[in-house]
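Read through the structure below, which is laid out as structure tokens, and then see the notes.
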Amino acid sequence: MRRAKWLHVPFWATYVFLYAPIVVLVVMSFNSGRSAYTYEGFSLKWYGELAQDERIRDGVVNTLIVAAGSTVVATVLGTLLAVGLARYTRSKTLDALALMPAVLPDLVLAIGLLVFYGMIQLTLGLYSVILAHGVFSMAFVAAVVRTRLSNTDTSLEEASRDLGAGPVVTFMKVTLPQLTPGIIAGALLAFTLSLDEFVIAFFTIGNNEQTLPIVIYSMIRFGVTPKINALAAILLLVSFTAVIVGQRMTKIGEREPNRTPGGPRADLRMQGEADSTMRSVSRAED
């Protein structure tokens, strides 16, 4: 049955609606004039002015510190959480609680973290944002790693334990190498989420530091300029690059041959039968 051609219209209309503003933003970042709405000619001067703006430089440094720190926290805790949920528990309640930070509204999570920091009398700063972003991104890392974990060969872990290896050695030598593509993809996703997250950072950061999204927010209150467009274009490039690399890592992991339980033993048995046949043929020739 031939599909109606008009069905493609809403599909492409949705893509235009999503990406047309991004295209306009990138094009206007190369505007030679000061207007953010009227294109007056091609120029790279706004990208040069970004490097000379001390406030933006400080925001970039703070954002990279927060993104790197929260990525480490989220990757470690998310990986351990995924392994624990997949290998050691079968609880629907724990599964729901693990994904709660990902489905909660950012505003609710930000207010909750702010109240918690106040209860334990933690002074706000970059480290408070790192912890907050780590909690927020941990659920996404756990979801990505758990998907990868469902495609791994459990017989290798069983063989490792049968040979006398403990849980820690089995995890480090057998499970972790199989999870590497998923862990890298989850880490890149966590880095991207932290890079442009605004609400949680706004509530949990101190008065003396500002991340780049907060700097942009304070700048656009006085109007959008081509400098902001140039900064947004750079953030888009970094985000798209991280997402594409993460997607490629996930596909690389999916292309790896998935062994079924007993697979390695079957391969060894087939290899042994082949060697025995070759020895028989050699004796017959002699």
Side-chain angles (χ1 to χ4, degrees), residues 6-53 55-64 66-68 70-71 74 102-103 105-107 110 129 133 136-137 139-141 143-144 184-202 210-251:
W6 64 268
L7 292 177
H8 295 281
V9 175
F11 173 79
W12 289 111
T14 302
Y15 269 91
V16 171
F17 178 78
L18 289 175
Y19 291 102
I22 297 177
V23 174
V24 172
L25 182 147
V26 174
V27 171
M28 295 303 294
S29 69
F30 297 101
N31 187 15
S32 59
R34 300 192 63 86
S35 174
Y37 309 101
T38 304
Y39 189 77
E40 301 178 10
F42 181 84
S43 176
L44 295 173
K45 69 176 184 178
W46 300 110
Y47 289 89
E49 290 193 9
L50 287 178
Q52 300 175 3
D53 194 320
R55 189 181 180 188
I56 291 179
R57 290 202 306 267
D58 293 340
V60 170
V61 172
N62 291 336
T63 298
L64 292 177
V66 170
S70 62
T71 298
V103 299
D106 290 355
L107 184 60
V129 184
H133 281 187
F136 170 69
S137 304
F140 295 92
V141 176
V144 174
I184 295 176
L188 292 172
L189 178 60
F191 183 84
T192 304
L193 291 173
S194 177
L195 196 66
D196 56 5
E197 203 287 322
F198 169 76
V199 176
I200 297 177
F202 184 79
Q210 287 185 329
T211 59
L212 192 56
I214 298 177
V215 173
I216 295 175
Y217 171 74
S218 63
M219 293 173 63
I220 62 175
R221 289 186 299 175
F222 303 100
V224 179
T225 64
K227 182 190 295 186
I228 297 177
N229 291 338
L231 183 58
I234 294 175
L235 288 176
L236 283 171
L237 177 62
V238 175
S239 299
F240 280 144
T241 302
V243 170
I244 291 173
V245 172
Q247 185 183 34
R248 294 295 300 172
M249 293 302 301
T250 303
K251 288 185 177 180

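Along the sequence shown, residues carry numbers from 1.
- In terms of heavy atoms, Ile200 sits closest to Ala110 at CA-CB, 3.8 Å.
- Not one N or O on the side chain of Ser194 forms a donor-acceptor pair closer than 3.5 Å with the backbone of Phe191.
- Atom OG of residue Ser218 and atom CZ of residue Arg55 lie 3.0 Å apart, to the nearest 0.5 angstrom.
- Using a 4.5 Å heavy-atom cutoff, the side chains of His133 and Leu193 are not in contact.
- Using cut-offs of 30° and 60° on the angle between ring planes, the pair Phe198 and Tyr217 is tilted.
- Interatomic distance, Arg57 CZ to Asn62 CG, rounded to the nearest 0.5 Å: 12.5 Å.
- The closest side-chain heavy-atom distance from Pro213 to Thr63 is below 4.5 Å.
- Within the 4.5 Å cutoff, side-chain heavy atoms of Leu212 are placed close to those of Leu231.
- With sequence neighbours left out, Asp106 forms a side-chain hydrogen bond (donor to acceptor under 3.5 Å, both in side chains) with no residue at all.
- Summarising the geometry, atom CD1 belonging to Ile234 is positioned 11.5 Å from atom CG belonging to Asn229; distances are rounded to the nearest 0.5 Å.
- More than 12 heavy atoms of other residues, nucleotides or ligands sit less than 6.0 Å from atom CZ of Phe42.
- Counting only heavy atoms from C-beta outward, the side chains of Ile216 and Leu235 approach each other to under 4.5 Å.
- Taking CG of Asp58 as the reference point, atom OG1 of Thr211 lies at 12.0 Å (rounded to 0.5 Å).
- Panel note: side chain Glu197, backbone Ala201; a donor-acceptor pair is recorded below 3.5 Å.
- Surrounding CZ of Phe11 are more than 12 heavy atoms belonging to other residues, nucleotides or ligands, all under 6.0 Å away.
- Counting all heavy atoms, side chain and backbone alike, Phe17 lies closest to Pro21 at O-CD, 3.4 Å.
- We find the CG-CD1 distance between Leu189 and Ile184 to be 13.5 Å, quoted to the nearest 0.5 Å.
- Residues passing the ring-ring contact (aromatic ring centres under 6.0 Å, His included) test with Phe136, sequence neighbours excluded: Phe140.
- Evaluation of the side-chain hydrogen bond (donor to acceptor under 3.5 Å, both in side chains) test over residues 18-31, restricted to residues two or more places apart or in two chains, returns Ser29-Tyr47.
- Between the Lys45 side chain and the Ser32 main chain, a donor and an acceptor come within less than 3.5 Å of each other.
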